[in-house]
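When reading the values below, keep in mind they use all heavy atoms of this one structure, side chains included, and skip hydrogens, waters and symmetry mates.
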Amino acid sequence: MFRKTLILLAAALMYCHHCAITTAHEDDVHTVQYTEENFSTELPKKNHFIMFYAPWCEHCRRLGPTWEMLAEMLNEEEDSRVRIAKVDCTTDSSICSEHDVTGYPTLKFFKTGESTGTRFRGTRDLPSLSAFINEQLGSVPTNESEDKPPVPEPVNGLVELTGETFNKHVSSGSHFVKFYAPWCGHCQKLAFTWDKLAQSNSHDDLVSISKVDCTQHRSVCEQFDIKGYPTLLWIEDGKKVDKYSGERSEEQLQEYVNKMLKKRSVVSDDSEEQAEDSVQSVFTLTGESFKHGIEKGVTFIKFFAPWCGHCKRLAPTWENLGKKFIGRGDVRIVKVDCTLDTSKKLCDEQEVDGFPTLFLYKDGEKISEYSGSRTLDDLYEFVDKHLRAHDEL
């Protein structure tokens, strides 16, 4: 009888183990599954964020939906710089042993061409995982940065701005600002020319040539929606006026400076239209400013991550939506970057479980989540409907 009971118990455990495997992973259609057959050949080809797991692990099962969400956002993008993958340590134990996996789940980020990963040690929520990916991508060199020259030391006339000095410095006058990352190959190629441009204009009080390291001062770069390096912006009296997109020789950069200075000195017929374009249409909130920013009127917020492809596609539409409500004191179109340290906790508290997430607030209270079509007309109608309901109260 005792022997029969043990056999039945073993059978039940095997059945439950199979259930755990099925429940945990049957919906994982976007996450790449690596095995001993393909791990070593695929890993060097791309940046990877990998979950080493065991099917019976409860922590792994709870993380599963979030991990699959990351995979859906990143693995489906053609130009994605990172692949989300997983390794089952119960079937491919040699991989897990090689990478010192001693507990489940273990999450590691592997840079392209490197066999040693960086372990993720934070909380396993979407904002924290997103911030970790952003930080790791921020320190990954592109192919163009191979055999890169050292970044030249600043020369006379070039102003190095920080998060503390930026807003005060650009609050008045004309400024030509380079937003860059030290690991960016294009930035390194431009560095010497940018220093020469600054030196050439060092005795001209009409313009200031400056630069901002976006890996050190992310809040400034987020303020101006910097999405690539280098980005060269012309700023007047604290407001973005133009983005330079021409050739980056010293002569052409200087021609641009002269053109913009001349343009400012001439009062054009369309000055009113230019003034309207310079008005901020989309506001940026963080965990620190969130409560005050939503306390009055209607606030429509896009919670996003800079690396999210769906967010990038929505960005121009979101800007145009903001422009439609310029001058309306009772409505604000807002965005929140969930990868910023100042916003990760906020996005978790607001139950942001994917990017982009669109929430509407009235007088400080969350009212509705938008899940419809992301066309400009539909987004506008959604906000307008809630505005009309707000006015009728």
Side-chain angles (χ1 to χ4, degrees), residues 73 77 79 130 134 166-167 170 175 177 179 212 214 218-245 260 270-286 289-290 293-294 297-340 343 346-347 350 352 354-361 368-387:
M73 289 186 288
E77 294 297 320
D79 59 347
S130 301
N134 215 35
F166 183 88
N167 287 329
V170 305
H175 303 267
V177 184
F179 296 86
V212 178
C214 288
R218 291 167 58 186
S219 61
V220 175
C221 301
E222 167 60 22
Q223 178 182 343
F224 285 89
D225 290 327
I226 304 304
K227 302 184 184 303
Y229 306 125
T231 292
L232 310 179
L233 298 185
W234 186 269
I235 297 173
E236 293 180 358
D237 300 330
K239 298 183 182 298
K240 170 187 168 183
V241 173
D242 191 40
K243 177 181 178 181
Y244 180 76
S245 57
M260 296 303 291
D270 60 350
S271 59
E272 290 185 4
E273 181 180 344
Q274 291 177 352
E276 181 177 326
D277 288 341
S278 68
V279 174
Q280 187 175 12
S281 58
V282 175
F283 297 86
T284 299
L285 294 179
T286 66
S289 59
F290 184 80
I294 68 168
V298 172
T299 309
F300 195 21
I301 302 182
K302 174 184 70 172
F303 294 89
F304 75 102
W307 44 258
C308 160
H310 297 297
C311 306
K312 293 175 183 176
R313 286 192 287 273
L314 177 60
T317 303
W318 201 251
E319 289 290 334
N320 289 330
L321 180 66
K323 290 177 181 178
K324 282 184 170 290
F325 292 101
I326 287 178
R328 291 285 301 266
D330 55 348
V331 61
R332 299 177 85 195
I333 306 301
V334 173
K335 60 184 178 181
V336 173
D337 182 351
C338 290
T339 68
L340 296 178
S343 300
L346 166 67
C347 295
Q350 295 301 311
V352 175
F355 301 128
T357 291
L358 311 179
F359 286 148
L360 186 136
Y361 299 77
S368 178
E369 177 177 4
Y370 181 79
S371 57
S373 167
R374 294 174 185 158
T375 65
L376 181 59
D377 289 343
D378 287 337
L379 289 166
Y380 178 84
E381 176 60 29
F382 176 76
V383 178
D384 189 57
K385 178 185 72 174
H386 284 283
L387 278 173

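- Figure legend: K302 and F304 shown as a cation-pi pair, the cationic atom lying under 6.0 angstrom from the six-membered ring centre and within 45 degrees of its axis.
- Side-chain contact between L387 and V331 is present, with heavy atoms from C-beta onward closer than 4.5 Å.
- Proximity of E369 to L360: side-chain heavy atoms (C-beta onward) are nowhere separated by under 4.5 Å.
- Judged by distance alone, with hydrogens and angles left aside, the side-chain atoms of S343 form no donor-acceptor pair with the main-chain N or O of L346 at under 3.5 Å.
- Residues D330 and F325 fail the side-chain proximity criterion, which asks for heavy atoms closer than 4.5 Å.
- Two residues are said to be in side-chain contact when any heavy atoms from C-beta on lie closer than 4.5 Å; D337 and T286 fail this criterion.
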Derivation of the side-chain contact (heavy atoms from CB on, under 4.5 Å) call for L358 and I301:
CA-CA 6 Å; L358 311 179; I301 302 182; over 6 Å; no
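- Once rounded to the nearest 0.5 Å, the distance linking CH2 of W318 with SG of C311 reads 11.0 Å.
- Between D378 and Y380 there is no side-chain heavy-atom pair separated by less than 4.5 Å.
- The distance from the OG1 atom of T231 to the OH atom of Y244 is 13.5 Å, given to the nearest 0.5 Å.
- The shortest heavy-atom contact between D242 and M260 is CB-CE, 3.9 Å.
- A pairwise comparison of heavy atoms in T284 and S289 identifies O-OG, 4.5 Å as the closest pair.
- Between F224 and F166, the ring planes are perpendicular. Angles over 60° get that label, and only those under 30° would be called parallel.
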Determine, stepwise, if the pair H310 / R374 fulfils side-chain contact (heavy atoms from CB on, under 4.5 Å).
CA-CA 10 Å; H310 297 297; R374 294 174 185 158; 4.0 Å; yes
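- With hydrogens and angles disregarded, no donor-acceptor distance shorter than 3.5 Å links the side chain of R332 to the backbone of F300.
- Once rounded to the nearest 0.5 Å, the distance linking NE2 of H386 with OH of Y370 reads 10.5 Å.
- Between the side chains of T375 and D377, no donor N or O sits under 3.5 Å from an acceptor N or O.
- When only modelled atom types and interatomic distance are considered, N320 and T317 share no side-chain donor-acceptor pair under 3.5 Å.
- Rounding to the nearest 0.5 Å places OG of S219 at 8.0 Å from CG of N167.
- The closest side-chain heavy-atom distance from V334 to V282 is not below 4.5 Å.
- Considering every non-hydrogen atom in both C214 and I226, the closest pair reads SG-CG2, 4.3 Å.
- Taking 4.5 Å as the limit, every side-chain heavy atom of S281 sits out of range of all side-chain heavy atoms of I333.
- The structure places SG of C338 at 11.5 Å from CG of N134, a figure rounded to the nearest 0.5 Å.
- Shown here for I294 and T299, the closest heavy-atom pair between the two residues is CA-OG1, 3.7 Å.
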Does the pair F359 and V352 meet the rule for a side-chain contact (heavy atoms from CB on, under 4.5 Å), with working shown?
CA-CA 9 Å; F359 286 148; V352 175; 4.2 Å; yes
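- Closest approach of P356 and L314 over heavy atoms only: CG-CD2, 3.9 Å.
- The CZ atom of F303 sits 8.0 Å away from atom OG1 of T357, with the distance rounded to the nearest 0.5 Å.
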